[in-house]
Amino acid sequence: MEQVDKRSFTDDEALDFHRYPTPGKIGIQATKPMATQRDLSLAYSPGVAVPVLAIARDPELAYEYTSKGNLVAVISNGTAILGLGNLGPLASKPVMEGKGVLFKRFADVDAIDVELNSTDPDEIITVVKSIGITYGGINLEDIKSPDCFRIETELQELLDIPVFHDDQHGTAIICSAGLINACEITGRKISEVKVVLNGPGAAGIATLGLMKAMGVRHENVIAVDRNGVLYRGRTEGMNQWKSAHAIDTDKRTLAEALEGADVFIGVSAKGALTPDLIKLMAPRPIIFAMANPDPEILPEEVYTVRPDAIVATGRSDYPNQVNNVLAFPYLFRGALDVRARRINMEMKIACANALAMLAREDVPDEVAAAYGGAQMKFGPQYIIPTPFDPRLLAYIPPFIAQAAMDTGVARKPIADMDAYKASLAQRMDPTAAFSQKLQGAVLSARKKKIVFAEGEETSVIRAAYAFQTQGLGQAVLVGREDLVHENMRAAGVDPAEAGIEILNARLSTWNEAAVDYLYARLQREGFLRRDIQRLINQDRNAFAACMVALGHADGMVTGVTRNFDQVLEEVLNVIDPAPNGRIIGMSVVMAKGHTLFIADTNVTEMPVAEELVEIGIEAARAVKTLGYTPRVAFMSYSTFGNPMGERSARVRDAVAMLDEMDGIDFEYEGEMPPELALDPSSRGAYPFMRLSGPANVLIMPAIHSAAISTQLIKCLGNAEVIGPILVGLDKPVQICPLGSNVSRILQMATICAYDRPLVELSEAAE
């Protein structure tokens with residue numbers, strides 16, 4: 001079958017990507033300020049002498065005072081570049097730079113590429129040994145077999161840091177993880193499977209070694225190279241690494257080896273496996289065709305003769321991609337974090353097992369978005385996590401770190417593994433710390449019953465299921481039971497095992513009470529009782545809000561299918577603002593280590609001074625209940641009266657009103673632009689300013705400025721935005737942004753469950 005080029009780019013696009021706007025894919029960024037003479041003195045002479053002398057006394061302090069502990073060298077001589085062969089060290093540089101980008105993108109590891117102009121293993125070993133002291137780890141890459149075996153083995157003995165040849169072990173780890181799950185799906189035991197490996201080079205031999213260490217029996221594995229089966233007594237084309245995997249067998253060809261085999265692992269060449277050969281294999285064969293860039297056989301060719309097969313390739317345009325980026329960033333992350341002396345077999349096994357376990361869990365919407373909306377669920381088409389699964393960084397390294405500690409290669413054991421997992425989540429996700437704080441409070445409080453009003457939506461079902469299974473509270477889905485069950489099954493949730501309460505508003509025993517309650521509220525506003533009955537029967541927001549108002553539930557989440565204003569109007573028919581409160585929308589912006597709260601983003605379009613005062617007080621109260629000390633800045637285009645204008649006058653008037661009020665227990669200032677609010681060093685011309693530090697609550701003069709600025713920060717500032725959080729209602733209700741994914745819905749449900757205890761704490765404090 002003719003290979004189809006499925007690339008989504010042209011050669012020119014690939015070249016332009018690497019050329020513009022700056023040649024290459026990596027750069028160096030300072031981690032310390034260089035704005036003043038004092039900064040320079042600390043960074044270099046004379047300040048640098050202090051850590052120099054400290055490291056001279058104790059070399060381990062290099063991990064404390066330099067970048068060594070998070071720095072990996074990606075080293076190659078270009079003798080085996082991807083599937084392109086020996087093109088030399090300079091040609092390998094784009095690949096090595098790419099490796100550095102992947103280290104940073106997926107695990108926040110700093111990586112520097114080092115290309116060596118040598119094909120002499122002894123020379124390479126000598127050079128790497130000499131420079132190894134600079135780094136926390138060495139990643140060998142694209143070095144031909146068998147040189148790579150010797151280079152890695154000797155460097156592991158010579159250096160006291162992890163030395164890892166990814167071409168070998170990365171492939172081995174991902175392949176082993178896939179095999180674990182493929183065996184689970186097909187009902188096989190790993191100790192009983194019969195494996196044929198085609199291509200016992202660097203990756204193939206490492207794969208055989210790891211699989212055998214994980215339970216595949218030596219006598220059940222047949223390796224085949226271009227000269228045929230590796231059998232005991234064979235001399236042609238053999239070396240010490242191949243000989244270790246030779247077995248007693250009378251089989252001599254790939255076809256003979258494949259008779260009755262359960263598993264084919266290909267790390268060889270395009271076309272090495274054919275449909276006729278696949279017919280020789282056992283039922284439900286497991287086929288990992290990983291030749292790069294073109295597999296030994298295409299998945300569609302496999303399915304023509306074996307539709308029951310499980311197929312993995314090295315390509316991203318097919319399911320089950322065996323991609324080394326699932327292993328090496330997280331292996332090094334875990335190893336660096338415990339200052340491991342090496343990456344051993346136990347750590348590699350831990351990585352494979354962790355990847356296998358993660359693939360069995362519910363897949364976040366972020367993964368589907370990265371793959372064109374395709375929903376993924378554990379099964380024949382999804383046995384390996386995808387590289388863009390956002391859970392990988394927090395999930396995988398703890399297993400590696402624990403294995404390093406258990407086997408005695410960790411120099412800096414981790415005492416609190418839960419805290420370590422939390423820190424990993426925060427490395428790449430600025431909202432993680434905020435979300436973890438909320439979840440921790442919810443988990444330790446009385447479990448709340450939260451109503452998910454749009455309970456027939458698949459995303460809402462998955463969020464409700466996650467909310468309940470994570471122990472955050474009890475979920476209630478509002479919807480027609482048959483349709484909810486149907487969509488549950490489509491989402492991979494078994495209705496019989498989910499244990500989620502489902503309420504059909506029309507059939508609920510609370511229907512009449514909801515009608516009575518809402519009719520009493522709206523009967524003098526043009527609503528007849530039959531109108532209210534129809535509203536309760538047909539509008540899930542009305543019914544869900546009534547459940548909360550009547551005490552049958554503790555909170556409500558909605559908004560996925562309707563816009564904010566419409567939903568808020570429907571909710572206000574049922575639930576009042578809190579006494580002495582004001583309804584506002586408040587967004588939480590996480591950027592560059594800062595947490596900012598921005599209000600009002602959703603409710604009052606052009607607030608006058610009195611309304612700005614109320615918005616400021618409500619926002620400060622909400623921020624306190626979230627555990628922060630509010631420093632409120634009233635924003636404007638003007639700075640303390642310059643220039644004068646009608647809209648800035650409203651802001652000045654609001655601040656003046658606050659000055660006259662009793663009981664204001666938070667810092668505030670205004671009117672001012674963002675620079676003065678966020679950067680205390682810019683306030684020299686305004687010694688009267690009352691903020692003790694950077695503002696963390698920004699009160700915007702109008703909805704449009706709040707909404708535009710929030711989205712600009714999100715789009716241009718590498719920031720994440722949570723919310724808007726609905727503040728000021730008498731009962732906990734959160735309105736998700738229209739079309740929210742599962743993660744966002746779950747986040748808003750957690751905030752909803754967090755709301756009531758915070759209100760109670762705030763009232764108790766007063």
Side-chain angles (χ1 to χ4, degrees), residues 106-107 166 168-193 195 197 203 206-217 220-221 262-265 267 284-290 309-314 318-335 343-364 367 376-404 406 417 421 424 469 492:
F106 291 104
D166 184 47
Q168 294 181 58
H169 309 296
T171 301
I173 289 167
I174 313 307
C175 192
S176 296
L179 180 62
I180 292 168
N181 281 339
C183 287
E184 172 70 20
I185 293 167
T186 58
R188 293 178 167 100
K189 293 182 179 180
I190 199 166
S191 60
E192 297 175 358
V193 292
V195 178
L197 182 135
T207 300
L208 291 177
L210 184 57
M211 286 184 172
K212 289 177 181 179
M214 297 183 69
V216 176
R217 291 161 59 188
N220 283 352
V221 179
D262 301 296
V263 181
F264 170 85
I265 297 172
V267 273
R284 302 199 73 184
I286 299 166
I287 297 168
F288 290 4
M290 300 180 293
I310 294 178
V311 184
T313 72
Y318 289 105
N320 298 327
Q321 184 191 16
V322 179
N323 191 326
N324 289 12
V325 78
L326 289 168
F328 70 83
Y330 312 110
L331 261 176
F332 273 96
R333 181 75 276 154
I343 292 173
N344 58 27
M345 183 64 76
E346 290 81 0
M347 294 162 73
K348 290 181 281 187
I349 291 173
C351 187
N353 282 325
L355 286 166
M357 288 188 292
L358 182 60
R360 302 183 191 191
E361 298 191 4
D362 187 41
V363 182
V367 176
M376 300 176 186
K377 177 185 174 185
F378 180 62
Q381 298 293 303
Y382 182 74
I383 60 172
I384 308 168
T386 66
F388 290 100
D389 192 319
R391 301 166 298 174
L392 284 160
L393 180 56
Y395 193 96
I396 306 300
F399 288 93
I400 285 92
Q402 188 64 56
D406 292 344
M417 194 58 73
K421 292 175 183 177
L424 288 170
T469 55

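In this text, all values refer to a predicted model and were calculated from it rather than measured experimentally.
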request  = Would you mind reporting whether R284 and I185 have side-chain heavy atoms less than 4.5 Å apart?
outcome  = yes
ask   = Quick one: does L179's side chain get under 4.5 Å of I265's, heavy atoms only?
value = no
message = Contact between L331 and H169 at the side-chain level, heavy atoms closer than 4.5 Å - yes or no?
response = no
request  = Verify side chain to side chain contact (heavy atoms under 4.5 Å, CB included) between R333 and I396, making sure each step is shown before the conclusion.
outcome  = CA-CA 9 Å; R333 181 75 276 154; I396 306 300; over 6 Å; no
request  = Could you pull out all residues at least two apart from N323 that satisfy side chain to side chain contact (heavy atoms under 4.5 Å, CB included)?
outcome  = Q321, V325, P387
request  = Indicate yes or no: at least one non-hydrogen side-chain atom of I286 is less than 4.5 angstrom from one of F288.
outcome  = yes
task = If a pair satisfies side-chain hydrogen bond (donor to acceptor under 3.5 Å, both in side chains) and one of its residues is in residues 173-183, list it, with sequence neighbours excluded.
result = N181-R360
query = With a 4.5 Å heavy-atom cut-off, do L392 and F106 have their side chains touching?
reply = no
inquiry  = Has N320 got a side-chain atom pairing as donor or acceptor with I383's backbone, closer than 3.5 angstrom?
reply    = yes
ask   = Does any non-hydrogen side-chain atom of M376 lie less than 4.5 Å from one of P319?
value = no
key: Close side-chain approach of Y382 and V363, heavy atoms under 4.5 Å   = yes
ask   = What do the steps show when you test I173 against L210 for side chain to side chain contact (heavy atoms under 4.5 Å, CB included), and what is the final call?
value = CA-CA 7 Å; I173 289 167; L210 184 57; 3.8 Å; yes
inquiry  = Working to the nearest 0.5 angstrom, can you tell me the gap between T171 OG1 and M290 CE?
reply    = 6.5 Å
